[in-house]
Participant: 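Structure below; questions to follow.
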There are 2 protein chains.
Amino acid sequence: MTNQEKIASYLEKFVHLTENEIIEFTSRFKEIRVKKRQFIVQPDFVPKSRYFVIKGALRAYVVGDEGKDHTIQFAIEDWWISDYDSYIHQQPASMFVVALEDCILMQISFEDEQTLKALNHKFETFFRYKSELSTAFLQRRIITNLTKSAKERYDIFTESFPKLVQRVPQYALASYLGITTQFLSKIRNLKPVPNKS
Amino acid sequence: MTNQEKIASYLEKFVHLTENEIIEFTSRFKEIRVKKRQFIVQPDFVPKSRYFVIKGALRAYVVGDEGKDHTIQFAIEDWWISDYDSYIHQQPASMFVVALEDCILMQISFEDEQTLKALNHKFETFFRYKSELSTAFLQRRIITNLTKSAKERYDIFTESFPKLVQRVPQYALASYLGITTQFLSKIRNLKPVPNKS
DNA sequence: TGTCAGTTTTGACAAATAACAATGGATAAA
DNA sequence: TTTATCCATTGTTATTTGTCAAAACTGACA
């Protein structure tokens with residue numbers, strides 16, 4: 001399957017398109033390859049593109065005043081990534097986005113995305129729906145953060161994204177869950193409490 | 001200004017519409033009035049509508065396993081509210097949405113919203129853009145929750161939403177910030193630390 | 001094969017925040 | 001106005017999670 005076909009098959013989960021529309025859409029994307037540890041978004045630069053992951057894993061994070069990393073998002077195959085807020089407003093980024101593995105990405109520029117959305121109602125529908133799903137996803141994450149303990153959040157994450165847990169370093173996962181890498185280590189290595197009976 | 005005009009003026013922040021389009025859009029909305037303490041969304045019922053606030057204040061919250069409230073969202077004039085995730089998926093809600101004051105709301109049904117989005121590319125654009133802003137907003141909230149202490153989160157909230165702080169009860173604000181009402185009280189009544197010089 | 005950088009683990013101690021309990025003020029209904 | 005309920009405050013103690021420091025592990029590569 002070509003990269004364009006991979007985008008197309010993702011697209012068709014949301015909207016039904018003609019051959020021509022598929023070409024119109026996917027031809028706006030450009031393949032890029034990034035090596036592990038390479039950055040595709042950095043603070044103070046306007047993110048000109050967003051990225052669809054064909055292969056590999058990435059991580060978006062901010063660095064707090066205290067100098068610590070806080071992971072905002074992961075992305076693997078079939079996910080999108082950028083500094084979302086900065087991208088849609090075309091403002092300087094506040095995040096880093098870095099490759100956790102060697103990656104193949106499909107890149108679309110902000111202008112091309114605008115063009116696509118203006119060109120065809122169905123493309124607009126696709127982006128609208130995708131954005132609604134993001135909103136719902138983030139709201140669920142906020143609910144989990146508000147209502148669950150660190151251990152529960154870890155268990156929920158491993159159940160929801162078992163593949164991801166295998167592929168991301170533990171310090172990155174810890175900072176996504178809002179805890180330190182040491183504390184995550186302790187959670188993982190908790191001995192089951194001896195039965196009180 | 002009529003209620004329809006209020007929706008129209010909100011709309012026009014995002015898309016430029018003709019007279020007819022404005023009527024087409026706003027005529028789908030129906031005014032409802034709810035009294036303080038009245039619920040417009042409850043767990044286990046599918047939220048058939050979302051609501052645009054003409055007047056009043058509301059609060060969306062979940063109840064955790066331990067029986068405590070966790071505020072997910074507030075809404076005052078010009079904001080929208082529902083159980084977002086359940087609304088877009090038309091699934092039973094997990095939230096309560098309750099009026100904190102007597103309210104006047106403009107209600108649109110899920111079906112009417114779908115119709116509008118299908119009918120006119122510009123309406124689709126409006127909903128897409130609004131959803132993008134929600135995504136960006138929630139992402140900023142997650143970043144704040146990950147990177148800031150309780151006191152800092154409170155200060156950021158009061159700076160960002162000074163009007164809201166005056167109108168919502170403190171227990172609701174505390175649960176939005178992810179802290180107990182007692183701890184919020186302590187934060188607010190902190191005496192400035194005596195100068196060490 | 002050994003070395004080194006990056007990562008994870010472990011333990012002792014500290015900080016942030018919650019839990020509990022009691023009190024007093026505010027508000028709204030009777 | 002009285003009464004009952006809800007809400008905010010305050011003090012004390014308990015829990016969760018962070019900090020710091022050291023050691024153990026891992027995998028890439030010289």
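Below, read A as the first sequence line, B as the second, and so on, with proteins coming before strands; counting in each chain starts at 1. Bear in mind the structure is a predicted one, so any value in this text is a computation, not a measurement.
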Participant: List in chain and number order the residues that pass side-chain contact (heavy atoms from CB on, under 4.5 Å) with Thr26(B), two or more places apart in sequence or in another chain; answer none if no residue qualifies.
Facilitator: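 If we apply the side-chain contact (heavy atoms from CB on, under 4.5 Å) test to Thr26(B), skipping adjacent residues, the hits are Gln4(B), Ile7(B), Ala8(B), Ile22(B).
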Participant: Identify each donor-acceptor pair in which a side-chain atom of residues 156-165 of chain A lies under 3.5 Å from a protein atom, sequence neighbours left out, and give them as a table.
Facilitator:
{"residue": "Thr158(A)", "atom": "OG1", "partner": "Tyr154(A)", "partner atom": "O", "Å": "3.3"}
{"residue": "Thr158(A)", "atom": "OG1", "partner": "Asp155(A)", "partner atom": "O", "Å": "2.8"}
{"residue": "Ser160(A)", "atom": "OG", "partner": "Ile156(A)", "partner atom": "O", "Å": "2.8"}

Participant: Output, in order, the C-alpha distance, side-chain angles, deciding distance and verdict of salt bridge (Lys or Arg N to Asp or Glu O under 4.0 Å) for Arg33(B) and Asp102(B).
Facilitator: CA-CA 7 Å; Arg33(B) 284 162 191 259; Asp102(B) 294 352; over 6 Å; no
Participant: Phe39(B): which other cluster members, linking ILVMFWY side chains closer than 4.5 Å, directly or transitively?
Facilitator: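 Once heavy-atom contacts under 4.5 Å are chained together, Phe39(B) belongs with Tyr61(B), Val63(B), Phe96(B), Val98(B).
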Participant: Under a 3.5 Å distance rule, please check whether Glu113(B) uses its side chain to pair with a backbone N or O of Phe110(B) as donor and acceptor.
Facilitator: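 A pair under 3.5 Å: no.
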Participant: The criterion is side-chain contact (heavy atoms from CB on, under 4.5 Å); which residues satisfy it with His70(A), sequence neighbours excluded?
Facilitator: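 If we apply the side-chain contact (heavy atoms from CB on, under 4.5 Å) test to His70(A), skipping adjacent residues, the hits are Val62(A), Glu66(A), Lys68(A), Leu146(B), Thr147(B).
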Participant: Can you name the side-chain contact (heavy atoms from CB on, under 4.5 Å) partners of Gln73(B), sequence neighbours left out?
Facilitator: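 Testing Gln73(B) for side-chain contact (heavy atoms from CB on, under 4.5 Å), a comparison that skips the adjacent residues, returns Ala60(B), Ala75(B), Ile81(B).
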Participant: Heavy-atom contacts under 4.0 Å between residues 155-162 of chain A and DNA chain D, which residues?
Facilitator: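 The stretch gives none, as no residue of it lies under 4.0 Å from the strand.
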Participant: So if I take residues 166-177 of chain B and measure heavy-atom distances to DNA chain C, which residues fall below 4.0 Å?
Facilitator: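 Listed by number, there are none.
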Participant: For Ser27(B), enumerate each residue passing the side-chain contact (heavy atoms from CB on, under 4.5 Å) test, keeping only those at least two apart in sequence or located in another chain.
Facilitator: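 Ser27(B) satisfies side-chain contact (heavy atoms from CB on, under 4.5 Å) with no other residue.
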Participant: Between protein and nucleotides 11-30 of chain C, map the contacts as a letter string: B base, S sugar-phosphate only, - none, heavy atoms under 4.0 Å, written 5' to 3'.
Facilitator: BB----BSBBB---------
Participant: With a 4.5 Å cut-off on side-chain heavy atoms, are Leu105(A) and Glu31(A) touching?
Facilitator: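 A side-chain contact is absent here, since even the closest heavy-atom pair is not under 4.5 Å.
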Participant: When clusters are formed from ILVMFWY side-chain contacts under 4.5 Å, directly or step by step, what else is grouped with Met1(B)?
Facilitator: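 None, because no other hydrophobic side chain comes under 4.5 Å of this residue.
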Participant: I need the full list of side chain to side chain donor-acceptor pair (under 3.5 Å) pairs touching residues 175-187 of chain A, with sequence neighbours left out, sorted by first then second residue.
Facilitator: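 Listed by first then second residue: Thr71(A)-Ser175(A).
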Participant: Tell me whether Leu58(A) is reachable from Phe52(A) by hopping between hydrophobic residues (I, L, V, M, F, W, Y) whose side-chain heavy atoms are closer than 4.5 Å.
Facilitator: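 No, because Phe52(A) and Leu58(A) fall into different hydrophobic clusters, even though each may have its own neighbours under 4.5 Å.
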Participant: When you check the phosphate oxygens OP1 and OP2 of dT9(D), does a side-chain N or O of Ser185(B) lie under 4.0 Å from one of them?
Facilitator: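 Yes.
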Participant: Taking CG from Asn145(B) and P from dT17(D), how many angstroms apart are they, rounded to a whole number?
Facilitator: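 Atom-to-atom, Asn145(B) to dT17(D), this comes out as 15 Å.
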Participant: Would you mind reading off the distance between Arg188(A) atom CZ and dT7(C) atom P, rounded to a whole angstrom?
Facilitator: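 Interatomic distance, CZ of Arg188(A) to P of dT7(C): 15 Å.
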Participant: Tell me whether His121(A) contacts the main-chain N or O of Lys122(B) through its side chain, where contact means a donor paired with an acceptor under 3.5 Å.
Facilitator: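 The answer is no, because no donor-acceptor pair under 3.5 Å joins these two groups.
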Participant: In degrees, rounded to 10°, what is the bend between the two ends of the helix from dT1(C)-dA30(D) to dA30(C)-dT1(D), using five pairs at each?
Facilitator: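 Roughly 40° between the end axes, to the nearest 10°.
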